[in-house]
Every structure is written in structure tokens, then in C-alpha cells.
2 protein chains.
Amino acid sequence: MMAAKRSGAGSKRARAAPQPAQEVPGEPPLSRDRIVATALELLDAQGLDGLTMRRLADRLGSGAMSLYWHVDNKEEVFDLALDSVLEYRGPPQMVESQDWRADVVHMLEDWRASMLRHPWSASLLPRRAFGPNILGRLELLSKTLSRAGVADADLNVAIWSLWNYVMGATITRGNFDLSDDDRAAAQQRLASERYPTIERSRLLLDDDWDGAFRKGLDFLLDGLAPDRNFGCKIG
Amino acid sequence: MMAAKRSGAGSKRARAAPQPAQEVPGEPPLSRDRIVATALELLDAQGLDGLTMRRLADRLGSGAMSLYWHVDNKEEVFDLALDSVLEYRGPPQMVESQDWRADVVHMLEDWRASMLRHPWSASLLPRRAFGPNILGRLELLSKTLSRAGVADADLNVAIWSLWNYVMGATITRGNFDLSDDDRAAAQQRLASERYPTIERSRLLLDDDWDGAFRKGLDFLLDGLAPDRNFGCKIG
DNA sequence: ACCTGAACACCGTTCAAGT
DNA sequence: ACCTGAACACCGTTCAAGT
């Protein structure tokens, strides 16, 4: 939690030369990186609606319009914030891995976890042009599946199926934030009306998100895998 | 249609004297149903950002604040619009169906198609309390899976996996609206940078959305199905 | 090169008031 | 019961101007 609240008008008056470049730690000069970092803070703290150009500038100790020198518009702030969330800090090379399936699971769980660390991010991804970091993740995923033996003709279907599943799971989990009261009320509604099956299974009370994600992913991979040698009850 | 939470809307029409100058076919009195119908029009025409309380009132020929008599706030307009999109007009009973798998596929494709007819709707669903129509769809899905033999303990995982897949697919498809120029530019970027695998498979140019949806769904169902007797290359 | 305030054209919603 | 305009506290962004 770096506060960086404006500490009086000092920084503005302290200039003596045309380029102050002062070392006042409270107010470094504006920059793309600083804007993105502060946007992340704001988004994490206040959610999607909490990000406002004016509030962002405020937090940076600058006038609202100063941002527009570094950034085209608010859309670009979202693009940059999202891309920064999606940076992959995985093993630099997983060339020699024997267990491609474990690699895929790890990549997808890391992707999901990265987005869940910033719950606003997943909803942002589908409607945005693909940034470098998500493309990097898709490339790595694609390469791994290809090495595992997925035919070129099936690659896109495999990638999009996994994409769909991960995005659906993450967007849902990131937005499904019921209080205990909400949950009780929802379950109550199920009971009082005509939803006997999902009432009995307590669908809306289930909260083993991680476990459910993993299990569904396994089903999907069972289907996608070229050499599936399990998951069959009848041969 | 819309589940009317409040008392009947019929009372309005029954009134005769107090308000002059209606019966003009252009301007029937304001009502919840009329508000929702017009909101749908506006959303279809202008997208999510196009829906504005002021514009909505304008289209209805009323003052902006008149809406607030019939509706709590903008959120509720979204709730109602979304629920109306999700209404299920399926076979009233599918009690005797022999082919549960075909039933499930049909239900999910109908769900997806209903949302794609209103491309703004899918993104709205995850962050909203469950309305009656989506709950009805989940109940029907759940009942079908249960009848097909999915154990109670596995039911929630099955439902959520299908939910994740359908939502991810639909949100992505509804938002991925590249022009031909965009597609060319994207593919160009893939080629010029370091994404050889997805460049080769032309991931971003693939547009057999319906086919890919169906194939991935089949993989998932292969995994979820209790009596999977196919999808195995090695016994 | 970098930053600024004033201004424009919007928002959602509260409120007191009209019929 | 139903509708209204004025007003409040916001938005994103353009523009001409400052350093």
C-alpha cells in the first residue's frame, strides 16, 4: 500500500531550473508506467467503475488532463492495465517436460490465478484487442498442445475450447461475490419456488471453485488429448 | 413474459377520466414492460454503453425521471432486460426423451443462441443476481443430467463446467467483432513477432464459431457423461 | 516536451413539486 | 398514482494556453 498522497504544494514550488527533475520521492514525474501502476491500485481497490481519469490523475498528484499526454484515452489505460496483469512469469523454457498435460494445467491455472488476483481483469479481456502478454500465453499453450500431438487441424478448436472454459470460469468466479446473506436468500428462493433439482444440489451454495475448475478442466482435456488412455468405463 | 413483481398492470388501462390526451397510438402510458422492450431495442441498436436513462426516456416519449417511478434504478433495467433475453421457449416437457445428450446440446445451443441474438447480454450475466429465467434453464439442465445418471455429488461440477464453457464461448463470440482489416492487422502482428504456432494455425482468423462451440462441447460432455462409450482411442 | 484550467456535452439520481 | 424540471455531483475529452 504505497500512499503517495500529495504532501502539500512543495513539489510544485520547489523548482528553480527549467527542468526540476526533483528527487522528491512523493511526486516523481508522470510516466506511462506510473499511470498503469496507479490504475492497477485503483482498480484493485475500487473495481472497474472506480477507475476514473480524474481520480487516477488525483492519485498521481497531477491535473486530470496531464494523463492525455501519455495515453490516448481511457480505453488505452484499460488495455495497458490488463496486459500488465497477464504477464507470464513462468519457467522460461519448458522444452524438456515429459508431462505435457501437467504443463497445460499449470499454464491455465496460472492464467486463471493471475486474473483472479485482479478480479476486474477477466471481464475486460474478451472485448479487447489481444495484447502481447495474452498472445504469448496462447502461443505457449498452442506450442505445448502441438508438441503433445494435437493435429494442426484440431489446434484451434482445442485452444478456443480451453479459452472458453477458462474465461467463463474466471469471469464467473470474479463476479460471483455473494455475502452469506445473499447466499441464504438465493437458496431460500430456490426452495420456495420451482427449482427442486438445483435446490437439492445446493448449486448456489457450492463454493469449491478451485476444485470444480480443476475437475471440469480434466474432463475437457480428456476429450482434447490425442492419447487419452483413461476416462473410459467401457472400452 | 416479464414476471411482474408488483400488482397487475391492467389497472392503468381501466382508468378513464383523469388523464386526457392518450389513446394516441404513438404514446401509450409508461409501464415496466414498455420500458424493458424499449431498453432491448436501444441495447440491440447501440450496445451496452448506448443504454442511458435519458435516451431510454426519450425513446419512450417521457421525461427522464418518469422511469424511476416504474424502476428502482438503471441496474434494474439491466436485470429485466437480461432476464427477458433468457426466457426459454423450449418444448414444454421433454419427459420422454430417449437421448439426453441431444437434449443437453439443444438446451445449451439455444441458450447460447438466445444470448447471441443480443450480443450485449452475455457479458451482463455473470455479475448479476440470478433471475428467474436463467434459474429455470439451470434447473432444466440439472434435471436432465440427473435423469441421465449423473450422480448428485457430481451434479454441481457438471453444471458449472457447462456454464463456464457456454459463458466463455458466448461472451467471447459476442465481443470478438473484428473487421477484415482488424483481422489482417492481427494476423500481420502474429507473423511479424514471436508467435509462430498460433500464426501457423491462423488462430485469429478462424471463424467457425458454431462448429468450434459444438466440438468443444462434445469433448466436455464426453468427460461429464456417466456412460461414455466413445471418444477412446485406446481401451 | 510536458502539463494545465476552463469548457463542453454528457451521465445517474435526489428532491420538491405538479396533476 | 403517476409524471415532471431543476439541480447536484459527477463523467471523458477538446482546446488553447502555459512552462
Side-chain angles (χ1 to χ4, degrees), chain A residues 6 9-22 24 26-36 38-39 42-43 46-81 124, chain B residues 4-24 26-35 38-39 42-43 46-81 124:
Chain A
R6 178 182 8 210
S11 63
K12 284 188 182 110
R13 295 165 164 262
R15 81 198 132 69
Q19 302 298 0
Q22 65 284 70
V24 185
E27 298 295 359
L30 230 40
S31 73
R32 234 161 194 265
D33 283 353
R34 223 160 76 76
I35 289 174
V36 174
T38 308
L42 202 44
L43 285 163
Q46 322 254 29
L48 273 185
D49 294 340
L51 179 62
T52 276
M53 295 302 271
R54 287 165 142 104
R55 265 206 281 254
L56 181 53
D58 226 53
R59 243 185 212 235
L60 287 158
S62 77
M65 292 308 103
S66 314
L67 303 179
Y68 287 88
W69 178 261
H70 304 269
V71 131
D72 279 354
N73 47 36
K74 193 182 179 182
E75 280 292 285
E76 192 177 10
V77 178
F78 277 130
D79 286 344
L80 295 169
L124 233 39
Chain B
K5 235 182 177 184
R6 217 56 58 78
S7 54
S11 58
K12 295 185 187 86
R13 245 184 165 283
R15 206 87 62 72
Q19 303 296 346
Q22 64 276 61
E23 294 305 308
V24 184
E27 300 293 2
L30 230 39
S31 73
R32 235 162 192 258
D33 283 353
R34 222 161 77 77
I35 289 174
T38 308
L42 202 44
L43 285 163
Q46 322 255 30
L48 273 184
D49 294 341
L51 180 62
T52 277
M53 295 302 270
R54 286 164 142 105
R55 267 206 279 253
L56 181 53
D58 227 51
R59 241 182 215 240
L60 286 158
S62 76
M65 291 309 102
S66 313
L67 304 178
Y68 287 87
W69 177 261
H70 303 269
V71 132
D72 279 354
N73 46 36
K74 193 182 178 181
E75 281 294 284
E76 193 177 8
V77 178
F78 278 130
D79 287 344
L80 296 169
L124 232 40

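None of these values were measured; they are calculated from a predicted model. Naming: A, B, ... by sequence-line order, numbering from 1 per chain.
Across B/G50 and B/L42, no two heavy atoms sit closer than the pair O-CG, 3.9 Å. Residue A/N73 comes nearest to A/Y68 through the heavy atom pair CA-CE2, 4.0 Å, listed as atom of the first residue, atom of the second, then distance. Across every non-hydrogen atom of B/G63 and B/A57, the tightest pair is O-CB, 3.5 Å. Residues A/L67 and A/S62 approach most closely at CD2-OG, 4.4 Å, considering heavy atoms.
If you take CD of A/Q46 and P of D/dC11, they are 11 Å apart, rounded to a whole angstrom. Distance, A/R32 CZ to C/dC3 C1': 17 Å, rounded to whole Å. In this structure, CG of A/D49 is placed 11 Å from P of D/dC11, rounded to the nearest angstrom. When the C1' atom of D/dC2 is taken as reference, atom CG of B/L60 falls 15 Å away, rounded to whole Å. Here the C1' atom of nucleotide C/dC11 and the CG atom of B/D58 are 14 Å apart, to the nearest Å.
For the C1' atoms, the distance linking D/dC15 with C/dC3 amounts to 14 Å, nearest Å.
Scored by the side chain to side chain contact (heavy atoms under 4.5 Å, CB included) test, B/V71 finds B/M53, B/E76, B/V77, B/L80 as partners (sequence neighbours excluded).
OP1 or OP2 of D/dA1 has not a single side-chain nitrogen or oxygen of B/H70 nearer than 4.0 Å.
In this structure, the side chain of B/R32 engages the main chain of B/H70 through a donor-acceptor pair within 3.5 Å.
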- line: Parsed dot-bracket for DNA chain C after applying the Watson-Crick and G-U rules with both distances under 3.5 Å and | for other-strand partners is ||.|||||...|||||.||
All N/O pairs under 3.5 Å across the protein-nucleotides 12-15 of chain D interface:
from   : atom 1 : to    : atom 2 : distance (Å)
D/dG12 : OP1    : A/M53 : N      : 3.4
D/dG12 : OP1    : A/K74 : NZ     : 2.9
D/dG12 : OP2    : A/M53 : N      : 3.0
D/dG12 : N7     : A/R54 : NH1    : 2.3
D/dG12 : O6     : A/R54 : NH1    : 3.2
D/dG12 : O6     : A/R54 : NH2    : 3.2
D/dT13 : OP2    : A/Y68 : OH     : 2.8
D/dT13 : OP2    : A/K74 : N      : 3.0

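The shortest distance between side-chain heavy atoms of B/L48 and B/L124 falls below 4.5 Å.
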query: Passes side chain to side chain contact (heavy atoms under 4.5 Å, CB included), A/D58 versus A/R54? Steps please.
result: CA-CA 6 Å; A/D58 226 53; A/R54 287 165 142 104; over 6 Å; no
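Of the listed nucleotides (D/dC3, D/dT4, C/dC2), D/dC3 has the atom at the smallest distance from the side chain of B/W69.
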